[in-house]
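Notes to accompany the following structure.
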There are 2 protein chains.
Amino acid sequence: MLVMTQEKAPQRSGSSGLNALAGHAVSCSEFKYQRGTEIFGEAEPVDYLYQVKSGAVRCYKMLADGRRQIMAFHLVGDIFGVENGGVHRFTAEAIVETTVSLTDRLNVVGEEGGRAAGTNNVLRLVTSNLQHAETHMLLLGRKTAIEKVAAFLVEMDARLSAAGVLNLPMNRRDVADYLGLTLETVSRALSQLRERDVLTFTGRSHRQIILRDRARLAEFDH
Amino acid sequence: MLVMTQEKAPQRSGSSGLNALAGHAVSCSEFKYQRGTEIFGEAEPVDYLYQVKSGAVRCYKMLADGRRQIMAFHLVGDIFGVENGGVHRFTAEAIVETTVSLTDRLNVVGEEGGRAAGTNNVLRLVTSNLQHAETHMLLLGRKTAIEKVAAFLVEMDARLSAAGVLNLPMNRRDVADYLGLTLETVSRALSQLRERDVLTFTGRSHRQIILRDRARLAEFDH
DNA sequence: CGATCTTTTGAAAGAGGTCAATTGAAGTGG
DNA sequence: CCACTTCAATTGACCTCTTTCAAAAGATCG
């Protein structure tokens, strides 16, 4: 697992070498991953901090028999791959063709040493991941299928709704593995919300969703 | 929620007479909470860092209709109550009579500023909480009832097994709310493990559990 | 256009939840 | 020490939500 395979090796893309983290000299460049390819794997050593420039990433854990739980989706602007021990605790994969900017991790920790006015970047990052995890545990442990799907739509709406259209990069199985459901149940919940005029699909793809009644959607998401 | 009620007010235990509330000079003292009382509530401002000296604490979130999800149990030695924003994201309660040592949070951050050789305390703390949350999401989203209960026993065994006896401070409802189950399902799973000779109860209480076959227990916990 | 992948939908089965009754443990006051 | 009460845990019967299995319709792509 420690060897970079051909499939997974990042391809350097030709764009700006500029630094996202209010930056330092260089230490940062961009890579492109084809859809479905692994960015890093569980138990691999941590080398970098990643930021999504375009595309989307899923981070997940798996059980021995193949059951998968997606901990989080990372969309444009999100930073991920922070660990404290030297090893990744989960796998990260590109959901669609994804460009990621790679920052040398030690360099970032160095910045933190600079201590910009009371709050430090890495701590804030980890804390916001923890916050998301806590909210998600409540969802996984205690919400019904329709509540889970509604909560997912609300979350995605806040993240990537452009011009009133929710353009999902992930498929139903990804959504299901994020919510602790099966893909059929996700599909049924979406159909139910459509029947009740909470949402519509744009003509073509069933991954483009228009939220017609956010108030009523919010009612489903307790 | 911001007012300290009589029930919830911590009782100073007989230790060092130094003042935690006044803030800076000395920043650590102990408080005792009766079982079932709140240590801090959701949306309350963050003032301190807590460490369990004796007893046990449950941290949970609730939905409007009363469904509860316990994010974590904190046992002797555990530190909890770390937030980055200024407000608690969940409620913390004493499960049994519990003594907690209270540390001024800013003071701790100050120490962190000292930067003890590369690793920083608060970051490590938050990261280990996040790690636990990630593992727990896998459990909540993808494990069966018996797998959840087995995983719970393995976790508790590692934490508080003394002299071969697991002495649980929490009741079945707490366990259920931790695992995303009902208390009846937890009870049934425990009975099933007992029937299969994986565990026994000590004569008296059903909160004292003897693990008779850790290897087989681990098989249930995938 | 054919092949593959995705999504939806239906029917049946199953895991866990709900409701209810019973037993057991713990604490209280006489 | 013994009723009496209360809380905790177990167990059973039934029900429901979600999963599983299967088929078909749609979308995407070479």
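To find a chain, count down the sequence lines: A is the first, B the second, and so on, and within it residues start at 1. The model shown is predicted, which means the values in this text are computed figures rather than measured ones.
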Counting only pairs under 3.5 Å, give me each side-chain donor-acceptor contact of residues 55-63 of chain A, with atom names and distances, residues two or more places apart or in other chains.
residue, atom, partner, partner atom, Å
A:Arg58, NE, A:Glu93, OE1, 2.9
A:Arg58, NH1, A:Asp174, OD1, 3.2
A:Arg58, NH1, A:Asp174, OD2, 2.9
A:Arg58, NH2, A:Glu93, OE1, 2.7
A:Tyr60, OH, A:Glu93, OE2, 2.6
A:Lys61, NZ, A:Arg89, O, 3.2

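In this structure, A:Ile146 and A:Leu193 have side chains that are in contact, with non-hydrogen atoms separated by less than 4.5 Å. Side-chain contact between B:Val175 and B:Leu183: absent, with no pair of heavy atoms (C-beta onward) separated by less than 4.5 Å. Within the 4.5 Å cutoff, side-chain heavy atoms of B:Glu97 are placed close to those of B:Gln34. Residues B:Tyr50 and B:Leu102 form a side-chain contact, since some pair of their non-hydrogen atoms from C-beta on lies under 4.5 Å apart. Side chains of A:Val154 and A:Leu211 form no contact here, defined as non-hydrogen atoms less than 4.5 Å apart. Inter-residue side-chain proximity for B:Ile210 and B:Phe201 is flagged as unmet; no heavy-atom pair is nearer than 4.5 Å. No side-chain heavy atom of A:Leu181 sits under 4.5 Å from any side-chain heavy atom of A:Phe152.
If you take CG of B:Leu183 and P of D:dC7, they are 15 Å apart, rounded to a whole angstrom. Rounded to a whole Å, the CD atom of A:Glu184 is 14 Å from the C1' atom of D:dA24. One can place CZ of A:Arg68 at 15 Å from P of D:dT19, the figure rounded to the nearest angstrom.
Using five terminal pairs a side, the axes of the helix from C:dC1-D:dG30 to C:dG30-D:dC1 at its two ends make an angle of 40°, given in steps of 10 degrees.
Contacts between residues 54-63 of chain A and DNA chain D, counted as heavy-atom distances below 4.0 Å, involve no residue at all. Residues from residues 187-201 of chain A that place a heavy atom under 4.0 Å from any atom of DNA chain D, listed by number: A:Arg188. For DNA chain C, the neighbouring residues in residues 165-176 of chain A, judged by any heavy atom under 4.0 Å, are A:Asn171, A:Arg172.
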Restricting both atoms to N or O, compile the protein contacts to nucleotides 15-18 of chain D shorter than 3.5 Å, with distance only.
residue, atom, partner, partner atom, Å
D:dT18, OP1, A:Ala145, N, 2.8

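Note on residues 187-197 of chain A: no pairs pass side chain to side chain donor-acceptor pair (under 3.5 Å), not counting sequence neighbours. Applying the salt bridge (charged side-chain N to carboxylate O under 4.0 Å, His left out) test to every pair with at least one member in residues 135-153 of chain B, sequence neighbours left out, gives these pairs: A:Arg67-B:Glu147, A:Asp177-B:Arg142, B:Lys143-B:Asp221.
In this structure, the ring-ring contact (aromatic ring centres under 6.0 Å, His included) partners of B:His136, at least two apart in sequence or on a different chain, are B:His132, B:Tyr178. Qualifying side-chain contact (heavy atoms from CB on, under 4.5 Å) partners for B:Val87, counting only residues two or more places apart in sequence or in other chains: B:Ala43. Contacts of A:Phe220 classified as ring-ring contact (aromatic ring centres under 6.0 Å, His included), with partners at least two apart in sequence or in another chain: none.
Across all their heavy atoms, A:Asn171 and A:Arg207 have their closest contact at CB-NH2, 3.3 Å. The minimum heavy-atom distance between B:Leu130 and A:Ala133, with the atom names listed, is CD1-CB, 4.2 Å. In this structure, A:Thr185 and A:Thr182 approach most closely via the heavy-atom pair OG1-OG1, 3.0 Å. Smallest separation of non-hydrogen atoms from A:Phe80 and A:Ala92: CE1-CB, 3.9 Å.
Counted within 6.0 Å of CZ on A:Arg173, heavy atoms from surrounding residues, nucleotides or ligands total 12 or fewer; the atom is thus considered open.
In summary, contact between chain A and DNA chain C, defined as any nucleotide atom under 4.0 Å from a heavy atom of the protein, begins and ends at C:dT6 to C:dA11 in the 5' to 3' direction.
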